[in-house]
Number of protein chains: 2
Amino acid sequence: MPITANNPNKKTWVNTPDNTDFPIQNIPFGVFLTRDDIITIGTRIGDTAIDLGAMHQLGYFEDIPLTDDIFLQDTLNDFISDGKKTWRLVRNRISEVFDIKNGTLQNNEDHKSIILFAMNEIEMQLPVQIGDYTDFYSSREHATNVGTMFRDPENALMPNWLHIPVGYHGRSSTIIPSGVPIHRPMGQTFPKGAEKPVFGPSKLVDFELEMAFITTDANSIGEPIPINDAEDYIFGMVLFNDWSARDIQKWEYVPLGPFLAKNFASSISPWIVTLDALEPFRTKGPDQDPKPLPYLAQNGDHSFDIQLELDIVTDKGISTTVSKSNFQYMYWTMAQQLTHHTVNGCKVNSGDMMGSGTISGPTPDSYGSMLELAWQGTRPVPLNDGSERKFIQDADTVVIRGFCKDKGHRIGFGKVSTKLLPAFESKNKK
Amino acid sequence: MPITANNPNKKTWVNTPDNTDFPIQNIPFGVFLTRDDIITIGTRIGDTAIDLGAMHQLGYFEDIPLTDDIFLQDTLNDFISDGKKTWRLVRNRISEVFDIKNGTLQNNEDHKSIILFAMNEIEMQLPVQIGDYTDFYSSREHATNVGTMFRDPENALMPNWLHIPVGYHGRSSTIIPSGVPIHRPMGQTFPKGAEKPVFGPSKLVDFELEMAFITTDANSIGEPIPINDAEDYIFGMVLFNDWSARDIQKWEYVPLGPFLAKNFASSISPWIVTLDALEPFRTKGPDQDPKPLPYLAQNGDHSFDIQLELDIVTDKGISTTVSKSNFQYMYWTMAQQLTHHTVNGCKVNSGDMMGSGTISGPTPDSYGSMLELAWQGTRPVPLNDGSERKFIQDADTVVIRGFCKDKGHRIGFGKVSTKLLPAFESKNKK
């Protein structure tokens with residue numbers, strides 16, 4: 001079935017600012033609270049939010065096999081469960097309804113008053129209930145930087161790294177949408193020169209510039225997903241900030257991996273951009289040498305050219321772009337990650353989320369964490385207000401943006417923006 | 001509120017076999033399919049399953065604040081969310097209704113025909129929807145054994161181990177109830193002497209003898225749970241077999257921890273035994289030296305004397321008990337695990353599960369994994385059919401049982417029993 005929604009020449013009757021992340025060719029999916037405090041599933045064109053629950057009730061999805069309440073839910077999980085064909089039918093239909101040549105909704109003021117909202121009237125929610133969240137570690141530059149700093153510059157990559165999309169399980173319960181502030185985590189650390197561990201607020205709070213993909217129900221327990229089918233089970237992508245406390249991480253992570261250093265908060269952008277919408281920006285990732293084992297072998301283009309930028313915004317609102325990276329730097333593809341994840345029969349459900357790992361590029365201004373940008377605090381990063389940062393300070397806001405761009409065509413993710421508040425004051429202490 | 005359900009002198013009118021795990025003092029909670037294929041929440045006395053949904057509809061929980069459908073659900077999550085006071089009221093009431101001195105239900109044949117089932121008429125399900133699953137590594141003997149084998153016998157424990165209840169995130173989607181068979185996982189390994197990694201069925205499939213606890217909603221994101229409150233947020237416990245593929249684990253686990261070596265399957269016993277029911281078996285765990293940091297410091301008895309046994313049953317049904325351990329060997333308590341887990345503000349939800357880690361005791365016959373029992377294959381374990389095992393073979397069934405016992409009183413968990421099938425045959429290959 002063709003993805004008619006991707007037609008680059010299509011224009012919409014909805015007012016869309018120049019250079020918007022959300023032209024009619026995007027049509028992402030999200031969940032929001034309307035001005036009437038009703039939760040619904042929706043999409044967005046320009047700065048207009050579109051209530052898909054209302055559209056469905058008013059008959060705009062006629063002939064598409066959808067249950068009556070599919071969009072009247074507080075998560076996208078059931079819709080994602082409907083599968084790729086349904087996602088495509090719905091996205092194509094939305095594109096038709098908002099086509100400038102289509103007068104049906106365009107000329108129906110009653111319907112428009114029910115279906116359309118200004119973005120500033122709504123409140124974005126977490127788009128999916130995330131059952132399981134996995135984070136990979138798939139940027140060669142990031143793994144090399146970390147290995148150089150903490151282990152041996154001559155053998156920076158672990159022996160398994162070029163053979164396996166290395167990953168680990170993360171915590172679903174503390175994944176939050178853009179806009180929700182977080183607290184500096186308390187925890188146990190072992191400062192240099194100390195004789196025993198100490199307890200207190202982390203002193204080395206960091207971001208990780210990542211993206212993540214959201215899956216549909218992919219398999220039964222025991223059943224692997226073949227590499228050539230894997231992309232069919234990926235619904236779409238979001239921007240992802242995998243907050244990390246480096247001092248807690250250093251003390252806790254051997255031998256079982258990061259735990260409290262990561263699970264205090266992870267933030268995502270609220271609009272899921274479908275893999276279909278990203279199709280025009282498909283590209284090849286880095287060459288893989290040695291060749292992956294056959295179960296991970298792929299031909300063709302399986303990465304995406306997604307430009308990424310990360311800003312630190314100070315309490316006074318002064319913004320500095322400290323990193324510019326690109327999703328295509330990832331060594332392992334999403335399909336390889338998903339196939340590897342299930343090769344042992346691990347079950348993947350609708351709404352599961354898989355993070356890329358920090359996306360660092362080849363140059364120092366493309367590194368995806370403060371750990372790398374300031375090289376363990378040895379090269380503080382200058383900000384536009386004259387201050388500098390080794391790690392993130394209380395009241396800083398970290399903003400990640402991402403977008404694809406060619407001649408006349410921009411498909412974006414919006415942003416994930418998260419403010420770091422001081423450590424939580426326990427009620428007991430008051 | 002007193003736990004009247006624990007009265008050791010209480011007798012029931014339900015026929016209960018001698019030495020049952022489920023006397024009227026137990027009253028665990030589970031989810032089952034009835035003979036009419038209806039899913040309900042229930043409890044068990046002896047070999048009789050009790051439909052709590054039907055009991056509630058027939059008025060037996062009058063005056064207890066419960067929603068009408070609280071037991072007519074396919075998971076215990078909402079009931080667990082109701083909190084400790086409600087769990088206790090319900091358990092006390094069940095104990096009253098089934099007291100031999102109470103004729104109300106005892107003499108009502110119509111009601112009994114609706115509420116009571118023979119255990120062989122029902123099919124146990126997973127009792128909770130597990131949002132997040134964490135596994136700890138809290139047996140000193142196990143950590144010492146593993147450290148001795150894989151690292152340095154002189155420094156077997158990692159420097160952080162005596163200061164932190166070390167843990168990592170596991171995969172919720174492949175947690176299964178007792179009785180569901182699993183497949184030997186496929187995966188990538190790096191055999192000794194090989195020049196590059198290979199792909200195939202794991203050759204070193206192992207069990208891990210564990211227990212796990214199930215939590216209620218404990219906190220908001222950002223908010224730690226103080227150590228003295230932690231036990232109030234633990235609903236109950238199950239037996240837990242954390243299946244592990246040692247060859248996959250060895251190749252993949254550095255630096256981010258176990259991943260595909262564990263997430264192919266983890267099995268639990270289907271009845272959750274409440275912490276209230278275990279109260280009479282409270283005991284002290286091992287001395288903790290060095291003293292834990294203040295946020296983890298506890299006085300009093302915070303472990304439980306739970307005897308554990310693990311059998312390997314061959315395809316022909318010959319059973320051998322290969323390990324006898326005890327939950328009280330755990331160095332870190334459940335309260336310390338939960339408090340540590342949330343000290344950074346990590347949110348804990350109703351139905352989350354936290355595993356103990358392999359529970360090994362001080363003697364070789366109390367080790368909790370084949371890795372330790374057969375000491376990396378160097379001391380094969382003899383079975384009662386004359387064969388021996390270094391690891392688990394296809395068609396073996398692994399059975400864990402657990403129970404508390406004093407003079408006239410036994411509170412048990414039943415069992416978790418899981419058969420290992422050969423590696424999954426992909427449809428593509430046929």
Side-chain angles (χ1 to χ4, degrees), chain A residues 131-132 134 137 158-160 163-164 166-174 176 182-183 185-188 190 196-199 202 221-224 226 245 248 251-261 263-265 290 293-295 340-341 343-349 352 424 426-428, chain B residues 131-132 134 137 158-160 163-164 166-174 176 182-183 185-188 190 196-199 202 221-224 226 245 248 251-261 263-265 290 293-295 340-341 343-349 352 424 426-428:
Chain A
D132 279 295
T134 295
Y137 183 60
M158 286 290 176
N160 57 13
H163 301 279
I164 290 179
V166 171
Y168 67 102
H169 298 120
R171 179 92 192 168
S172 303
S173 68
T174 33
I176 52 174
I182 64 171
H183 287 278
M186 303 290 288
Q188 208 182 117
F190 201 120
K196 51 185 188 180
V198 301
F199 178 73
S202 166
I221 184 168
E223 182 188 14
I248 294 173
W251 174 232
E252 75 171 5
Y253 95 106
V254 177
L256 298 180
F259 183 50
L260 299 189
N263 67 17
F264 59 99
L293 279 164
Y295 79 98
H340 182 66
H341 203 318
V343 75
N344 67 346
C346 180
K347 179 157 172 44
V348 169
N349 291 313
D352 287 352
F424 185 86
S426 160
K427 283 172 225 156
N428 304 35
Chain B
D132 279 294
T134 296
Y137 183 60
M158 287 290 177
N160 57 13
H163 301 279
I164 290 179
V166 171
Y168 67 103
H169 299 119
R171 180 92 191 167
S172 303
S173 68
T174 33
I176 52 175
I182 64 171
H183 287 279
M186 303 290 287
Q188 207 182 118
F190 201 121
K196 50 185 188 181
V198 300
F199 178 72
S202 166
I221 186 167
E223 183 189 13
I248 295 173
W251 173 232
E252 75 171 5
Y253 94 106
V254 177
L256 297 181
F259 183 49
L260 299 188
N263 67 18
F264 60 100
L293 281 164
Y295 79 97
H340 182 64
H341 203 318
V343 74
N344 67 346
C346 180
K347 178 156 173 48
V348 170
N349 290 313
D352 287 352
F424 184 86
S426 160
K427 282 173 225 157
N428 305 36

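Fair warning: this is a prediction, and the values are worked out from it, not measured in the lab. Order of the sequence lines sets the chain letters (A, B, ...), proteins ahead of strands, with each chain counted from 1.
Annotation: the span from A:Glu223 atom CD to B:Phe424 atom CZ amounts to 4.5 Å, rounded to 0.5 Å. Rounding to the nearest 0.5 angstrom, the gap separating the CD atom in B:Glu252 from the NE2 atom in A:His163 is 14.5 Å.
Per-residue heavy-atom pair counts under 4.5 Å with chain A were compared for B:Asn349, B:Ile221, B:Asn344, B:Thr174, and the maximum is reached by B:Asn344. With chain A as partner, the option from B:Pro185, B:Gly345, B:Gly187, B:Gly170 having the largest number of non-hydrogen pairs under 4.5 angstrom is B:Gly170. Heavy-atom pairs under 4.5 Å with chain B were tallied for A:Leu260, A:Thr134, A:Val198, A:Ile176; the largest tally goes to A:Leu260. Comparing B:His183, B:His340, B:Lys196 by how many heavy-atom pairs each has under 4.5 Å with chain A, the most go to B:His340. Your options are B:Tyr253, B:Phe190, B:Tyr295, and the one with the most heavy-atom pairs under 4.5 Å with chain A is B:Tyr295.
The parts of A:Pro159 that come within reach of chain B are both its backbone and its side chain, each placing non-hydrogen atoms under 4.5 angstrom from that chain. For B:Pro290, no part sits under 4.5 Å from any heavy atom of chain A, backbone or side chain. Contacts between B:Leu293 and chain A at a heavy-atom distance below 4.5 Å involve the side chain alone, from C-beta outward. Proximity to chain A (any heavy atom under 4.5 Å) is shown, for B:Val348, by both the backbone and the side chain. Neither the backbone nor the side chain of A:Ile182 comes within contact range of chain B, judged by heavy atoms closer than 4.5 Å. Residue B:Ser202 does not touch chain A at all, counting heavy-atom pairs closer than 4.5 Å. Proximity to chain A is absent for every atom of B:Ile248, based on heavy atoms less than 4.5 angstrom apart.
Of all the heavy atoms in A:Pro255 and B:Tyr137, the pair that sits closest is CG-CE2, 4.4 Å. Shown here for A:Phe259 and B:Tyr168, the closest heavy-atom pair between the two residues is CD1-CA, 3.9 Å.
Partners of A:Ser172 according to the side chain to side chain contact (heavy atoms under 4.5 Å, CB included) rule, which considers only residues two or more places apart in sequence or in another chain, are A:Ile130, A:Tyr133, B:Asp132. Listed by chain and number, the residues in a side chain to side chain contact (heavy atoms under 4.5 Å, CB included) with A:Asn160 are A:Met158, A:Ile164, A:Val166, B:Trp251 (sequence neighbours excluded).
We find that A:Asp352 and B:Arg171 are joined by a salt bridge, their nearest charged nitrogen and carboxylate oxygen being less than 4.0 Å apart.
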